[in-house]
Amino acid sequence: MKKRAIITGITGQDGSYLAELLIQKDYEVHGVVRRASTFNRGRIDHLCSDVGHPDAAIYLHYGDLGDSNSLLRILSDVKPDEIYNLAAQSHVGVSFDMPEYTGDITALGTTRLLEALRTSKLPAKFYQASSSELYGKTTSPMQNEETPFYPRSPYGCAKAYAYYLTRNYRESYGMYAVNGILFNHESPRRGENFVTRKITLSLANILAGKQECLYLGNLEAKRDWGYAPEFVEGMWKIMQQPEPEDYVLATGRTASVRDFLELCMKHLHIRYERKGSGKDETYTDTKTGRTIVALDPLYHRPAEVDFLLGDASKAKRKLGWEAKTTIEELARIMLEADCREQGISL
Ligand code: NAP
Ligand code: G4F
């Protein structure tokens with residue numbers, strides 16, 4: 001019989017790649033979707049065309065991490081072998097504007113799902129999408145499973161709660177409940193208001209003459225950026241281990257937002273000149289003389305995570321998992337996809 005998996009957050013970047021991976025591995029894939037007034041299934045459309053039909057690639061269920069009853073109903077209907085909790089209010093910047101909601105969904109939503117699993121007494125494994133935002137204002141040169149947490153946003157605090165709750169259910173009830181502490185991972189399916197995708201999409205739009213200027217916040221923050229399809233493979237591997245344990249997944253390389261921006265402009269053969277300094281800094285296209293990048297304080301956060309660099313040696317040793325895609329390849333993959341949409345070939 002096929003293994004059954006439930007993915008919360010299946011309409012998001014990671015959920016859509018994980019659904020594809022599990023289908024390839026011959027799972028029966030069930031996704032939790034929330035009702036929206038506009039269509040929110042663009043990333044999984046290609047898997048949904050025959051939903052309701054016995055050969056459908058995935059099965060979708062209306063539910064919400066804010067609604068315990070829907071979670072209980074879905075668990076009891078599906079009786080999964082594995083649950084991947086990827087749903088969250090996942091934007092760090094937005095979490096400063098909506099701290100209560102972020103806590104409700106990203107932190108308490110995990111409680112609701114874990115409680116639904118515990119009370120249903122199903123023997124399913126549980127994966128929690130933990131984040132390198134847990135490390136926040138870290139002083140460690142590289143962060144691994146032993147590095148202390150210092151979250152810097154309502155999002156980071158909510159993820160810290162969910163991380164500890166997952167461990168607590170493992171220790172209290174003997175449940176197979178694990179955390180994947182994932183560093184930033186990107187792709188052409190990345191949400192348009194995360195910085196890498198904002199950059200690749202805006203540069204493609206600027207080249208197509210559809211946008212004048214790209215406005216950004218802090219260019220100096222450094223992140224460990226990987227490629228999302230490789231990271232969902234790591235999630236699955238974490239769930240196949242005989243013992244439930246927590247793992248860091250990262251590339252082991254770090255780069256600033258500025259590095260990523262300049263790398264993208266280089267890929268697109270945009271020759272630029274940097275002008276001004278501090279909040280008045282701009283990038284001008286030397287061919288057109290136009291300002292194509294400027295700073296906007298709107299995108300600065302009340303507290304910033306300055307530096308992240310992951311040490312995924314435990315994942316390499318125990319899972320045989322390693323990130324392969326470099327930041328140069330990642331930028332190229334994302335730029336090609338966004339330029340293709342504009343009819344521009346690289
Ligand atoms: P994403 O693209 O923003 O997707 C988030 C998903 O959560 C979407 O499917 C969204 O549904 C769903 N969701 C939001 N609120 C919900 C609610 N109340 N009930 C049910 N579903 C809800 O995020 P992602 O990049 O794929 O990340 C997946 C998970 O990993 C998130 O928990 C994120 O915090 C965590 N994470 C991500 C990274 C990264 O670099 N990508 C790194 C570490 C951890 P809609 O489509 O309806 O909005
Ligand atoms: O792309 P970001 O919004 O990602 P951030 O904050 O690192 O969070 C992402 O990765 C986490 C893992 O570490 C996940 F848990 C989380 O769910 C999410 O997927 O911002 C990256 C950096 C920040 O320092 C931000 O201040 O880019 C800086 N930045 C500069 N200008 C900007 C912008 N970020 C955004 N979103 N938009 C800007 O215009």
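Both ligands and their constituent atoms are indexed starting at 1 by order of listing. Only this structure's heavy atoms are used, side chains among them; waters, hydrogens and symmetry mates stay out.
- Transitive grouping of hydrophobic side chains (ILVMFWY, heavy atoms separated by less than 4.5 Å) keeps M239 and V32 in distinct clusters.
- Atom 36 (N) of ligand 2 has as its closest protein heavy atom N193 O, 2.9 Å.
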Walk me through whether Y27 and E82 qualify under side-chain hydrogen bond (donor to acceptor under 3.5 Å, both in side chains).
CA-CA 10 Å; Y27 279 63; E82 296 175 11; 2.9 Å; yes
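- The atoms of ligand 2 that sit less than 4.0 Å from any heavy atom of K198 are 38 (C), 39 (O).
- Of the protein's non-hydrogen atoms, the one nearest atom 2 (O) of ligand 1 is Q13 N, 3.0 Å.
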Compile the donor-acceptor pairs under 3.5 Å between side chains in residues 300-309 and protein atoms, sequence neighbours left out, one pair per line.
from : atom 1 : to   : atom 2 : distance (Å)
E304 : OE2    : N218 : ND2    : 3.1

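- Closest to atom 9 (O) of ligand 1, if we only count protein heavy atoms, is T11 OG1, 2.6 Å.
- Contact annotation for R34 and ligand 1: only side-chain heavy atoms (C-beta onward) come within less than 4.0 Å of the ligand.
- Close approach of ligand 2 to A221 (heavy-atom distance below 4.0 Å) involves ligand atoms 24 (O).
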Check step by step if side-chain hydrogen bond (donor to acceptor under 3.5 Å, both in side chains) holds for N85 and T8.
CA-CA 5 Å; N85 183 31; T8 72; 2.7 Å; yes
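- Ring planes of F260 and W225: tilted class, angle from 30 to 60°.
- The nearest non-hydrogen atom to atom 4 (O) of ligand 1, considering only G12, S187, G180, S130, comes from G12.
- Within the 4.0 Å heavy-atom criterion, neither part of H91 lies near ligand 1.
- Checked against a 3.5 angstrom limit, the closest N/O atoms of E304 and ligand 2 fall inside it.
- Using a cutoff of 4.0 Å between basic side-chain nitrogens and carboxylate oxygens, E20 and R189 are scored as salt-bridged.
- Taking a cutoff of 4.0 Å between a charged side-chain nitrogen and a carboxylate oxygen, K266 and E262 do not qualify as a salt bridge.
- Under the 4.0 Å criterion applied to side-chain N and carboxylate O atoms, E281 and R274 are assigned as salt-bridge partners.
- Taking the six-membered ring for Trp and thresholds of 30 and 60 degrees, H91 and F194 have ring planes inclined between 30 and 60 degrees apart.
- Residue contacts with ligand 1, taken as heavy atom pairs separated by less than 4.0 Å, involve D64 via backbone and side-chain atoms alike.
- In this structure, atom 27 (O) of ligand 1 lies nearest to the protein heavy atom D14 OD2, 3.7 Å.
- Of the polar atoms of Y155, at least one N or O is found under 3.5 Å from an N or O of ligand 2, judged by distance alone.
- The contact set between ligand 2 and G217, taken as ligand atoms under 4.0 Å from a residue heavy atom, comprises 30 (C), 31 (N), 33 (C), 39 (O).
- Near L182, the atoms of ligand 1 lying under 4.0 angstrom from a non-hydrogen atom of the residue are 42 (C), 43 (C).
- Contact of the T102 side chain with the F96 side chain is not registered, since no non-hydrogen atoms from C-beta on lie closer than 4.5 Å.
- Set against the non-hydrogen atoms of S90, the atoms of ligand 2 under 4.0 Å away are 16 (C), 17 (O), 18 (C).
- For ligand 1, the polar-atom distance check against N184 finds no nitrogen or oxygen pair separated by under 3.5 Å.
- Residue H91 places a heavy atom less than 4.0 Å from ligand 2.
- Residue Q89 has no N or O atom closer than 3.5 Å to an N or O atom of ligand 1.
- Remark: minimum distance from atom 30 (O) of ligand 1 to any protein heavy atom is reached at A129 CB, 3.4 Å.
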I'd like to know whether L86 forms a side-chain contact (heavy atoms from CB on, under 4.5 Å) with M235, so could you lay out the CA-CA distance, the side-chain angles of the two residues, the decisive distance to 0.1 Å, and finally the verdict.
CA-CA 10 Å; L86 309 187; M235 290 178 189; 4.0 Å; yes
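- Neither the backbone nor the side chain of D296 comes within contact range of ligand 2; no heavy atom lies under 4.0 Å.
- Inspection of the T166 and Q128 side chains reveals no N or O donor paired with an N or O acceptor under 3.5 Å.
- Heavy atoms of E133 found under 4.0 angstrom from ligand 1: none, in either backbone or side chain.
- Atom 20 (C) of ligand 1 has L65 N, 3.7 Å as its closest protein atom, hydrogens excluded (heavy atom only).
- Using a cut-off of 4.0 Å between Lys/Arg side-chain N and Asp/Glu carboxylate O, R170 and D246 are scored as salt-bridged.
- Ligand 1 has no nitrogen or oxygen under 3.5 angstrom from a nitrogen or oxygen of F194.
- The closest protein non-hydrogen atom to atom 37 (C) of ligand 1 is H185 CE1, 4.0 Å.
- Side chains of Q342 and K210: a donor-acceptor N/O pair is present below 3.5 angstrom, by distance only.
- Between E28 and R4, at least one side-chain N (NZ, or NE/NH1/NH2) sits under 4.0 Å from a carboxylate O, which counts as a salt bridge.
- Between S95 and Q89, the side chains place no donor N or O within less than 3.5 Å of an acceptor N or O (distance only, hydrogens not considered).
- Annotation: atom 36 (N) of ligand 1 to nearest protein heavy atom, Y155 OH, 3.9 Å.
- Assignment of N40 to the shell around ligand 1 is supported, since a heavy atom sits closer than 4.0 Å.
- For atom 5 (P) of ligand 2, the nearest non-hydrogen atom from the set L308, N184, T196 comes from N184.
- In this structure, R189 does not count as a contact residue of ligand 1, since none of its heavy atoms falls inside 4.0 Å of the ligand.
- Heavy atoms of V92 found under 4.0 angstrom from ligand 2 belong exclusively to the side chain.
- Residue N218 has at least one heavy-atom neighbour below 4.0 Å for each of these atoms of ligand 2: 28 (C), 29 (N), 30 (C), 31 (N).
- In terms of protein heavy-atom proximity, atom 31 (C) of ligand 1 is nearest to L86 O, 3.1 Å.
- At a threshold of 4.0 Å, the pair E115-R118 counts as salt-bridged, since one of the basic side-chain nitrogens sits closer than that to a carboxylate oxygen.
- At a 4.0 Å cut-off, at least one heavy atom of R190 sits close enough to ligand 2 to count as contact.
- The proximity of V195 to ligand 2, defined as any non-hydrogen pair under 4.0 Å, involves the side chain as well as the backbone.
- Annotation for ligand 1: atoms under 4.0 Å from non-hydrogen atoms of R190 are 25 (O), 39 (C), 40 (O), 41 (N).
- Judged purely by atom type and a 3.5 angstrom limit, R223 has no side-chain atom pairing as donor or acceptor with the backbone of T254.
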Can K275 and D280 be said to form a salt bridge (charged side-chain N to carboxylate O under 4.0 Å, His left out), step by step?
CA-CA 8 Å; K275 292 184 177 168; D280 297 321; over 6 Å; no
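- Close contacts of ligand 2 with S132, meaning ligand atoms under 4.0 Å from a residue heavy atom, involve 12 (C), 13 (O).
- Interface of S131 with ligand 2, defined as ligand atoms under 4.0 Å from a residue heavy atom, comprises 11 (C), 12 (C), 13 (O), 14 (C), 15 (F).
- Taking any N or O of S90, backbone or side chain, at least one lies under 3.5 Å from an N or O belonging to ligand 1.
- No part of S132 comes within 4.0 Å of ligand 1, judged by heavy-atom distances.
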So T325 and E230, side-chain hydrogen bond (donor to acceptor under 3.5 Å, both in side chains) or not? Walk me through it.
CA-CA 8 Å; T325 305; E230 292 174 1; 2.6 Å; yes
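- Under 4.0 Å is where a charged nitrogen must lie from a carboxylate oxygen, and between E329 and K324 no such pair does.
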